[in-house]
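Remember, predicted model here, so these are calculated numbers, not experimental data. Below, all heavy atoms of this structure are taken into account, side chains as well, without hydrogens, waters or symmetry copies.
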Amino acid sequence: MSESAGSAEAPLGVEEAVQEVVIPAGVAGPEPLALDVRCFAVARPAGIVIIDTGMPDAEAGIAAAVQALGGTFDDVRDIILTHLHQDHVGSLFAVAERAPLAAIYAGGPDVPDIQAPRRITPIGEGTFIQDLGVLSTPGHTAGHVCLFHEPTGTLFLGDAASSDHGEVFRPPEMFTADAARAEESLERIAALGAARILFAHGAELASPAQAFDRLLGGSHPSS
């Protein structure tokens, strides 16, 4: 996979399921923290792909996203987990049981710590799930992955970073397994120059490359 930000094709067919979650005071800081959790349904020729399964009550939102693509859970062929945290795997059992034809994937180092109703296939750098390429982006967890659709330059970021009010932010330190590796992954993501970045926490940005430049203080390709 070449690290370029191609965007010649029509935009990727994506629907998102969004949950609002409040983390109690004392967990991620002295004040309660409100955040959104986003899962994605992606239309691909060989079947719908679901990226992350959200909190334990995300099934209905994911079903609505699948329906918005014109499909049902019977059309889902792949479930990809960007990492092992509960806000990304919480509805895995419910979604997988409703999508019996879907294979389940997660980054190799995270697989042993994810409970699932059937086998999870380990994935890593260079793996393709349909035409979504896997980027190994460890740091937030050891097995964290991002998914890149190179023809449209669309990157599904997982928790490598979040967005808020037009800016990009690092994940909270207390939820990051290895800060040094996480920073290396951020540098790699910024250098990718993706035309479109979809965050698990936070809305899509109009100019993601510039926002990453501001975060990292570097010079990277712009979209």
(message) Tell me if a side-chain donor or acceptor on Thr176 pairs with a main-chain N or O of His140 at a distance below 3.5 Å.
(response) no

(message) On a heavy-atom basis, which atom in Gly166 and which in Ala211 lie closest, and how many Å separate them?
(response) O-CB, 4.1 Å

(message) Nearest 0.5 Å, please: how far is CZ in Phe199 from CZ in Phe156?
(response) 12.5 Å

(message) Holding to salt bridge (Lys or Arg N to Asp or Glu O under 4.0 Å), I want the full list of residues that pass it with Glu184, two or more places apart in sequence or in another chain.
(response) none

(request) Taking the side chain as every heavy atom from C-beta outward, state whether Phe169 and His201 have any atom pair closer than 4.5 Å. (result) no

(message) Do Asp78 and Arg44 have side chains that approach each other closer than 4.5 Å (heavy atoms only, starting at C-beta)?
(response) no

(message) Going by the rule salt bridge (Lys or Arg N to Asp or Glu O under 4.0 Å), which residues pair with Arg170 if we only count those two or more places apart in sequence or in a different chain?
(response) Glu183

(request) Identify the two heavy atoms, one from Ala58 and one from Ser91, that lie closest to each other, and give their separation to 0.1 Å. (result) N-OG, 3.0 Å

(request) Ignoring hydrogens and angles, tell me if any N or O in the side chain of Glu173 forms a donor-acceptor pair with the backbone of Ala179 under 3.5 Å. (result) no

(request) Find out whether Asp75 and Thr72 are in side-chain contact, i.e. whether some heavy atom of one side chain is under 4.5 Å from a heavy atom of the other. (result) yes

(request) With sequence neighbours excluded, tell me which residues meet side-chain hydrogen bond (donor to acceptor under 3.5 Å, both in side chains) with Gln67. (result) none

(message) What I'd like to find out is whether the side chain of Leu135 reaches to under 4.5 Å of the side chain of Leu155, using heavy atoms alone.
(response) yes

(request) Go through the structure and list residues passing side-chain hydrogen bond (donor to acceptor under 3.5 Å, both in side chains) with Glu97, not counting sequence neighbours. (result) none

(request) Provide the closest heavy-atom pair for Ala161 versus Phe212 in the form atom of the first, atom of the second, distance. (result) CB-CZ, 4.2 Å

(request) Decide yes or no for Glu167 and Leu215: does some side-chain heavy atom of the first lie under 4.5 Å from some side-chain heavy atom of the second? (result) no

(message) If the condition is side chain to side chain contact (heavy atoms under 4.5 Å, CB included), which residues does Pro138 pass it with, not counting sequence neighbours?
(response) Ser136, Arg181, Ser185

(message) Please give me the minimum heavy-atom distance between Ala195 and Pro208, naming the atom from each residue.
(response) O-CG, 3.9 Å

(request) Would you mind reporting whether Phe40 and Leu147 have side-chain heavy atoms less than 4.5 Å apart? (result) no

(message) If the condition is side-chain hydrogen bond (donor to acceptor under 3.5 Å, both in side chains), which residues does Arg77 pass it with, not counting sequence neighbours?
(response) none

(request) Could you check if a side-chain atom of Leu198 sits within less than 4.5 angstrom of a side-chain atom of Arg196, using non-hydrogen atoms only? (result) yes

(request) Go through Ile80 and Ile123 one step at a time and tell me if the side-chain contact (heavy atoms from CB on, under 4.5 Å) criterion holds. (result) CA-CA 9 Å; Ile80 309 172; Ile123 55 175; 4.1 Å; yes

(request) Return yes if a side-chain donor-acceptor contact under 3.5 Å exists between His83 and Asp159, otherwise no. (result) yes

(message) In the structure I gave you, are the side-chain heavy atoms of Thr154 and Val42 within less than 4.5 Å of one another anywhere?
(response) no

(message) Closer than 3.5 angstrom, by distance alone: can the side chain of Ser163 be matched with the main-chain N or O of Val168 as a donor-acceptor pair?
(response) no

(message) Restricting to non-hydrogen atoms, name the atom on Gly107 and the atom on Val145 that form the minimum distance, rounded to 0.1 Å.
(response) CA-CG1, 4.0 Å

(request) Could you note down all residue pairs passing side chain to side chain donor-acceptor pair (under 3.5 Å) where residues 46-61 supplies at least one of them, sequence neighbours left out? (result) Gln19-Asp57, Asp52-Thr82, Asp52-His88, Glu59-Arg98

(request) Tell me, please, which residues at least two apart from Tyr105 pass ring-ring contact (aromatic ring centres under 6.0 Å, His included). (result) none

(message) Show the nearest heavy-atom pair for residues Pro109 and Pro112, with the distance to one decimal.
(response) O-CD, 3.6 Å

(request) Please go through Leu92's hydrophobic cluster and name the other residues, only I, L, V, M, F, W, Y counting, with side-chain heavy atoms under 4.5 Å joining them. (result) Ile48, Ile50, Ile62, Val66, Leu69, Phe73, Val76, Ile79, Leu81, Leu84, Val89, Val95, Ile104, Val111, Ile114, Ile120

(request) Apply side-chain hydrogen bond (donor to acceptor under 3.5 Å, both in side chains) to Thr137 and list each qualifying residue two or more places apart in sequence or on a separate chain. (result) His144

(message) List the residues meeting salt bridge (Lys or Arg N to Asp or Glu O under 4.0 Å) with Asp36, not counting sequence neighbours, and say none if there are none.
(response) Arg38

(message) Tell me whether the count of non-hydrogen atoms from other residues, nucleotides or ligands lying under 6.0 Å of CD in Gln86 goes above 12.
(response) yes

(request) Supply the members, apart from Val18, of the Ile/Leu/Val/Met/Phe/Trp/Tyr cluster built from side-chain contacts under 4.5 Å; use none for a lone residue. (result) none

